Number of protein chains: 4
Amino acid sequence: MDGTRQRRRGDTRQRIQDVALELFAEQGYEKTSLREIAERLEVTKAALYYHFKTKEEILVSIFEDLSRPIEDLVAWGRAQPPTLETRQEVVRRYSDVLAGAAPLFRFMHDNQATVRELRIGEMFKNRALGLRDILVDPEADLVDQVRCVSALFTLHAGMFALHDLGADPEARRKAVLEVAVDLIAQAHRDG
Amino acid sequence: MDGTRQRRRGDTRQRIQDVALELFAEQGYEKTSLREIAERLEVTKAALYYHFKTKEEILVSIFEDLSRPIEDLVAWGRAQPPTLETRQEVVRRYSDVLAGAAPLFRFMHDNQATVRELRIGEMFKNRALGLRDILVDPEADLVDQVRCVSALFTLHAGMFALHDLGADPEARRKAVLEVAVDLIAQAHRDG
Amino acid sequence: MDGTRQRRRGDTRQRIQDVALELFAEQGYEKTSLREIAERLEVTKAALYYHFKTKEEILVSIFEDLSRPIEDLVAWGRAQPPTLETRQEVVRRYSDVLAGAAPLFRFMHDNQATVRELRIGEMFKNRALGLRDILVDPEADLVDQVRCVSALFTLHAGMFALHDLGADPEARRKAVLEVAVDLIAQAHRDG
Amino acid sequence: MDGTRQRRRGDTRQRIQDVALELFAEQGYEKTSLREIAERLEVTKAALYYHFKTKEEILVSIFEDLSRPIEDLVAWGRAQPPTLETRQEVVRRYSDVLAGAAPLFRFMHDNQATVRELRIGEMFKNRALGLRDILVDPEADLVDQVRCVSALFTLHAGMFALHDLGADPEARRKAVLEVAVDLIAQAHRDG
DNA sequence: TATGAATGAGTATTCATTCAT
DNA sequence: AATGAATGAATACTCATTCAT
């Protein structure tokens with residue numbers, strides 16, 4: 001009975017994160033004001049400050065919650081032997097991770113200038129470097145190193161910039177993943 | 001003799017563009033205020049408005065000046081037969097174009113959320129789609145289409161996100177270009 | 001005790017309206033800045049924006065609050081038979097209405113060019129036309145129609161432009177009203 | 001041959017006045033910027049300053065040029081005996097004067113708050129008082145004094161606020177004039 | 001668990017005016 | 001007779017943040 005009003009008790013923090021991420025992804029971090037978030041939630045700005053100390057903290061909390069799978073992936077990858085198979089599996093899993101928190105990663109991708117100045121900039125960079133270090137063999141040829149990094153960027157671009165290549169999203173994701181996996185394979189052909 | 005004061009006569013418009021691009025690329029568009037630009041130039045904000053109607057127009061003018069080579073490249077590409085060689089040459093030339101106006105393209109890459117709302121968003125998108133249409137064969141396999149687009153993104157990423165792969169910039173650029181050219185080649189292997 | 005600080009709690013919105021109307025009437029809408037209003041109230045400009053969305057909204061809110069009596073008068077007038085007596089009574093009541101919100105109507109009278117571009121321009125015009133339609137018989141002789149409208153303008157002018165005819169304000173108002181009532185009577189002499 | 005360009009030589013001052021009055025009457029004094037005037041004339045703002053020392057001076061010069069007929073009328077009126085006939089003739093002539101410089105008087109009527117702060121405020125007030133002193137007999141009944149002033153305001157209102165009474169402008173002007181002349185007559189009935 | 005009221009610092013933009021050329 | 005380049009001061013408005021209740 002009632003529902004919304006009832007269910008809203010206690011989950012305000014979560015609802016703030018949801019709405020904020022939605023708006024951040026849609027319009028960017030700077031162009032999204034706390035007033036806007038508050039209005040969409042039908043609470044006052046001050047209510048946001050009950051749950052979060054600053055605007056930035058809202059973003060940080062979202063990032064912390066949603067980016068754990070990357071941490072896990074990096075941890076897993078580090079524990080594996082640095083083989084072709086491991087690397088391809090990392091790429092596969094990363095593709096899943098991206099798809100599982102698309103709005104966050106779309107936001108990260110579209111707001112790099114902003115993100116760089118924020119706390120999450122450093123955090124994200126570290127996770128990204130973690131991934132890279134798993135995929136890239138520092139002894140390898142520079143071209144092959146680039147191939148591995150390129151696999152990563154292909155995944156990202158595939159998520160956020162291929163909306164007009166037609167084809168349904170799932171088919172697109174598969175195609176993108178195949179290219180990425182293939183890039184890793186090429187980097188291991190010989191050397 | 002004297003220099004600064006003397007030479008400044010008449011080139012204020014250009015100096016505004018230079019400083020603005022520098023700051024936009026460094027801190028992002030929204031976080032760069034006209035006050036900051038004016039101060040760095042040692043003129044008043046009002047002087048900026050003598051030369052440009054709005055903040056956005058400063059950016060537009062920079063974009064128009066610096067993105068002409070892309071237009072030219074698209075035009076050239078369209079006039080060639082849609083062969084492997086053409087496409088690889090387009091990739092090569094695009095790499096040069098990016099290197100030739102690196103600060104602008106770094107800005108575009110880092111501020112996509114912002115750019116999308118601005119007039120240059122549409123402009124840039126059109127140029128990008130132009131390039132894509134030259135590189136991508138709509139009849140080809142989806143995976144091969146992705147390969148071609150990925151070549152483009154590899155170029156971009158190579159410019160703006162590989163600063164820590166070590167190696168000197170020129171070597172890096174060559175490696176990136178090789179990967180991109182190779183991606184195009186693979187997309188043409190058979191099919 | 002203390003008073004000012006104490007009493008100010010909760011009535012800020014009203015105080016903004018009061019001070020704004022005072023300044024608008026004194027110096028005009030355009031020449032009155034929000035800084036001025038804020039300073040006189042010893043609050044910040046931002047506080048004004050907590051209570052009103054724009055400068056224009058301050059004016060609109062004042063107008064809506066103070067012009068209700070005209071609406072009521074028009075409604076009353078419409079419900080009466082269109083006789084000489086009705087019309088004279090409307091003129092009498094209008095004189096009271098004007099006297100009851102003199103600063104607002106002085107403002108409207110003195111700032112017509114400005115008001116015309118604002119939201120209240122349309123609102124006021126509608127109320128004025130409502131009054132006119134009650135006073136003016138569209139079948140009547142043009143000269144008699146003008147007499148009725150002139151009665152209205154005489155009232156206005158009497159409020160705002162006769163300060164130097166000497167005599168005390170109340171006597172002046174009575175004289176003005178008599179002229180206006182008489183104009184209506186003449187318009188009904190025969191016809 | 002050519003024409004515009006040719007004829008424009010030498011009459012810039014006049015053209016500034018024309019355009020300025022047009023815009024002042026249309027949008028008000030404050031809302032009309034020198035940029036706007038300059039743009040419409042296809043000259044630079046600085047050119048305006050070659051011909052006039054300030055924005056206000058543009059208005060003053062217009063007023064001085066166009067309000068001379070009032071001065072003349074006042075002078076003429078003062079030289080006549082203070083009879084009913086004189087007064088009615090003054091009203092008739094004033095109606096002509098208003099019609100002859102309608103944009104100026106429409107401006108004065110619509111921008112009273114602004115005008116009051118400007119140099120022309122005082123000038124206009126003096127001319128108006130001059131007229132009033134001719135029309136009003138200080139010995140007369142207050143009501144009759146009001147009638148005379150009301151005749152003046154009827155003329156003004158007739159010019160600027162009766163556009164929707166229908167009827168063609170000339171018919172309207174005649175009707176308005178008749179009411180005004182009649183008001184003067186009533187003020188002289190007995191007394 | 002929130003709100004109402006407010007602030008301080010900032011933003012882009014506009015304006016009348018000046019002056020060397 | 002006019003322009004190009006610039007300024008100083010102002011304006012309406014927005015934002016993240018605070019705090020007493």
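Nothing here was measured: the structure is a model prediction, and the numbers come from that model. Letters A, B, ... mirror the listed sequences (proteins, then strands); counts begin at 1.
- Atom-to-atom, CG of A:L59 to P of F:dA16 comes out at 13 Å; the value is rounded to the nearest Å.
- In this entry the distance linking CZ of B:R13 with P of F:dG4 reads 14 Å, nearest Å.
- Residue C:H51 places at least one side-chain N or O under 4.0 Å from the OP1 or OP2 atom of E:dA6.
- Whole-Å rounding puts the B:Q27 CD to E:dT11 P distance at 11 Å.
- For E:dG10, neither phosphate oxygen OP1 nor OP2 lies less than 4.0 angstrom from any side-chain nitrogen or oxygen of B:S33.
- Taking atom CZ of residue A:F52 and atom C1' of nucleotide E:dA2, one finds them 15 Å apart after rounding to whole Å.
- Between B:E117 atom CD and E:dA12 atom P the separation is 16 Å, expressed in whole Å.
- The shortest distance between side-chain heavy atoms of C:M123 and C:E64 falls below 4.5 Å.
- Considering every non-hydrogen atom in both C:T32 and C:G28, the closest pair reads OG1-O, 2.7 Å.
- Side-chain contact between A:V60 and A:F52 is absent, with no heavy atoms from C-beta onward closer than 4.5 Å.
- Comparing F:dC15, F:dT3, E:dA2 by their nearest atom to the side chain of C:A46 picks out F:dC15.
- Of the candidates F:dG4, E:dT17, F:dA2, E:dT17 carries the atom nearest the D:T54 side chain, counting heavy atoms from C-beta on.
- Using modelled atom types, one side-chain atom of C:K55 and one backbone atom of C:Y29 make a donor-acceptor pair closer than 3.5 Å.
- Residues B:T32 and D:E30 both approach DNA chain E. Their nearest nucleotides, taken by heavy-atom distance, put B:T32 toward the 5′ side.
- Here D:R35 does not reach the OP1 or OP2 of E:dA16: none of its side-chain N or O atoms lies under 4.0 Å away.
- For the pair C:K55 NZ and E:dT14 P, the interatomic distance rounds to 16 Å; values are reported in whole Å.
- Here F:dA20 sits opposite E:dT3 as a Watson-Crick or G-U wobble pair (both hydrogen-bonding atom distances under 3.5 Å).
- Here the side chain of B:T44 is nearest to one of E:dT17, E:dG4, F:dT7, namely F:dT7.
- Mapping C:E36 and B:A47 onto DNA chain F via the closest heavy atom, the residue that lands nearer the 5' end is B:A47.
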Take B:N126 and B:E122 through the side-chain hydrogen bond (donor to acceptor under 3.5 Å, both in side chains) test and state the conclusion after the steps. CA-CA 6 Å; B:N126 290 145; B:E122 194 73 1; 4.7 Å; no
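- Distance A:E39 CD to E:dT3 C1': 15 Å, rounded to the nearest Å.
- Contact between the side-chain N/O atoms of D:Y50 and the OP1/OP2 oxygens of F:dA2 is not found at any separation under 4.0 Å.
- For the pair A:Y29 OH and F:dC15 P, the computed distance is 13 Å after rounding to whole Å.
- Within the structure, a side-chain polar atom (N or O) of C:Y49 is placed less than 4.0 Å from OP1 or OP2 of F:dC13.
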